[in-house]
Protein chains: 2
Amino acid sequence: MFAVQRGTPMATQPMATGRPATIHDIAALCGVAASTVSRALANPERVNIRTRERIQAAAVELNYTPNSQAKALSSGKTGAVGVLVPDITNPFYFDLIRGTQLQLKAAGYTQLLVDTEESDEVEASTLEQLRKSADGVIVAASRLNDDSLAAAAALMPMVTVNRDVDGVPAVIIDTPSAMPQALDHLISWGHTSVAYVSGPAVSQSSARRWDALSAAAEERGVEVRRLGPFAPKTQSGAAAADAAVHSGVTACIVFNDLIAIGMLQRLRERGLRVPEDMSIVGCDDIFGADFCNPPLTTMSSPIEQAGRVAVSMLLAQLNPLAGGGNRNRSVMPTHLTVRGSTGPVPST
Amino acid sequence: MFAVQRGTPMATQPMATGRPATIHDIAALCGVAASTVSRALANPERVNIRTRERIQAAAVELNYTPNSQAKALSSGKTGAVGVLVPDITNPFYFDLIRGTQLQLKAAGYTQLLVDTEESDEVEASTLEQLRKSADGVIVAASRLNDDSLAAAAALMPMVTVNRDVDGVPAVIIDTPSAMPQALDHLISWGHTSVAYVSGPAVSQSSARRWDALSAAAEERGVEVRRLGPFAPKTQSGAAAADAAVHSGVTACIVFNDLIAIGMLQRLRERGLRVPEDMSIVGCDDIFGADFCNPPLTTMSSPIEQAGRVAVSMLLAQLNPLAGGGNRNRSVMPTHLTVRGSTGPVPST
DNA sequence: ACTATCTTGACAACCGATTGCCATTTACTG
DNA sequence: CAGTAAATGGCAATCGGTTGTCAAGATAGT
């Protein structure tokens, strides 16, 4: 570790200027074989306590850190976990990434973060590459089809987020369960004509949200039409807003907050007021949903926790011995957060 | 690469079910030595064209991909670059990360993204660890002191972002250069009493912004006081807003948009209007600055490009042969973006 | 045709750690 | 005290490549 104190950088690691110490350096210093050093550090009980302590002391003195490449090569474990997201700049993934990062670091793993650019091909080739350079992979909002994803999962430990595929452990952020709540909320304001602004065609999340919403609408005898698909970016909000206005609905439930925020901006440009002229409900409660104008009514979930759970599930696959009951599906609760973007139906 | 077409997953890679092919498999198939295969793939001109083509064909047929661990071990190059940011969830870094990610991928490198949690110790230990597992490192907004950072830079190729240290190549986002613009903008609205809401005490960016601002203020005979320090989070905005109100200034130039947005929220809570009662200028033009309420006047720069430039500068260090004139300092232009959070000084 | 030069490819050491196997030492039992 | 079992630690192979060395073969020059 680099010395952090002012004025005496590196004071705690005399060897830092040379190349990093290896087990051979320690072996030489202690007069034992390299393999003994390896054992003393990995299976302490296999080595005499006195030798072990000498070795550990030497390791500290030489500031030894195992070379992860070499360890990976001989053990076959890389100590790295890949995390794939479709778009790094989508705030939804920030908290997820932070959750995985924290949990992985706590477990001594390195996170390899990859932005797959909403492309199934990039995702596929990344998975192939990761097969040799990571012990496992967490795939958020996969754009791959079920077969490809299942095939990839057969080759390396995998946990998906917001994607259900047979045999692949998954963390599901249960936004659909909040759809009835959201619809009731709109109905309570008098809305009877609602649109669902859908996300990417290949997004399973979007499909599930639509299914839940249309089922709830049918039960309640409310008309819900589907608009889209739209790319999950604020820029898509303009087209989505225009489509919503044209469709004549008085309220929209939107695939995600990014599009919803874009709609808010577009509606304002067009001189329409939210929620007086149109109510908007988003999904995900991303960064910004609370301070946009008006603040967005949306569906919130513990995203960072979802990231942590995904890591835990993956680690359970990697170290089956540690017990912990291999759940292969974890559902994160979701609830409606009401803010300022929803209100009474306009009186025509 | 995984097959992406529906219905025929894996069709293009017959060997995918076994373990990945090695150069030994290729050597066996072609009846040559493993080293020949290695050369045929690395220095093609060192090998007979016919043999080479046989080997390359076999490589394709077996779907060969070099094992990066093994390559790293024997060559000493890992093909990975570490990217350190103080806080992944700070939107400022999204674009930076995306820029580094894209440029690194284009150059065939893997990005190791680490959140150092605003801690100099985490940063130091991460750098130490990365010394063996990465070829170089990009450090954004380092929280380390100059000596430690210089010491770390002496041990491995490094490029800093928004941090000037002797001998360490840096990409500087030149926000300070827009400070006079921002101040003139406020003065043009009649403000004469301005506060600088500062960021973390260890942030060199914050210090530089303050220096530029106070110099500009002195030239113009305007009073500028300094408040803070505050953590770069929206939550800090509340304390910052209260401090600003208490200090009696009519306008604030804020270390970054995160704090500025937090101030906007707090001022609204306290019943103060922006910009009627108080003008706010942020820095960075992050995601959200354009749709908060009111939209934030702030200082914009090409952040994603900064990430790409940082990678280019690092790669120039890693492959000195490729020429390209080793710049060791690159300054990104910045300009003031005026939105709705600034206005005329309140008439008392 | 013969030698000088260059090209080509095989062999083996090496990177740093892990691990199976075996020899030595130590401890314990009868 | 002999005998056996357990504890301990060293040797060497191995992971998948890279690279230096060198010999054999091809080409060219005279």
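Just so it is clear, the model here is predicted, and its values are computed rather than measured.
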- Task: State which of dG10(D), dG16(D), dG16(C) makes the closest approach to the side chain of His24(B).
- Result: dG16(D)

- Task: Using atom NZ of Lys77(B) as one end and atom P of dG16(C) as the other, report the distance to the nearest whole Å.
- Result: 14 Å

- Message: Would you say CG of Asp166(A) has more than 12 non-hydrogen atoms from neighbouring residues, nucleotides or ligands within 6.0 angstrom?
- Response: no

- Message: Under the criterion salt bridge (charged side-chain N to carboxylate O under 4.0 Å, His left out), I'd like the reasoning laid out for Asp164(A) against Arg329(A): C-alpha separation, chi angles, the key distance, then a yes or no.
- Response: CA-CA 9 Å; Asp164(A) 240 334; Arg329(A) 199 155 185 286; 2.7 Å; yes

- Message: Nearest whole Å is fine: how far is dT26(C) C1' from Ile49(A) CD1?
- Response: 16 Å

- Query: Rounded to the Å, how far apart are Arg50(A) CZ and dT8(D) C1'?
  - Reply: 12 Å

- Query: For DNA chain C, whose closest nucleotide is more 5', that of Ser74(B) or that of Ala42(A)?
  - Reply: Ser74(B)

- Query: Starting at CG of Asn43(B) and ending at C1' of dG20(D), how long is that distance when rounded to a whole Å?
  - Reply: 13 Å

- May I have the distance from Tyr64(B) (atom OH) to dG17(D) (atom C1'), rounded to whole angstrom? 7 Å

- Task: Please report, rounded to the nearest Å, how far the P atom of dT18(C) is from the CG atom of Leu73(A).
- Result: 11 Å

- Message: For dT18(D) and Ser38(B) - does any side-chain N or O of the residue sit under 4.0 Å from the phosphate oxygens OP1/OP2?
- Response: yes

- Between Arg46(A) and Asn67(A), name the one whose nearest nucleotide on DNA chain C is closer to the 5' end. Asn67(A)

- Distance-only polar pair, side chains of Lys132(A) and Thr65(B), donor-acceptor under 3.5 Å: yes

- Message: Please tell me if Thr51(B) has a side-chain N or O lying less than 4.0 Å from either OP1 or OP2 of dG9(C).
- Response: yes

- Item | Side-chain donor or acceptor of Ser133(B) paired with backbone N/O of Gln129(B) under 3.5 Å | yes

- Query: For the side chain of Ser35(B) and the base of dC11(C), is some donor closer than 3.5 Å to an acceptor across the two?
  - Reply: yes

- Item | Thr78(A) and Gln69(B) side chains, donor-acceptor separation under 3.5 Å | no

- In terms of side-chain heavy atoms of Lys71(A), which of dA17(C), dG17(D), dA10(C) is nearest? dA17(C)

- Query: Does a distance-only test, which skips hydrogens and angles, find a donor-acceptor pair under 3.5 Å between the side chain of Arg39(B) and the base of dG20(D)?
  - Reply: yes

- Message: Nearest whole Å is fine: how far is dT8(D) C1' from Ile55(A) CD1?
- Response: 11 Å

- Spacing between Ile23(A) atom CD1 and dA17(C) atom P, to the nearest angstrom: 5 Å

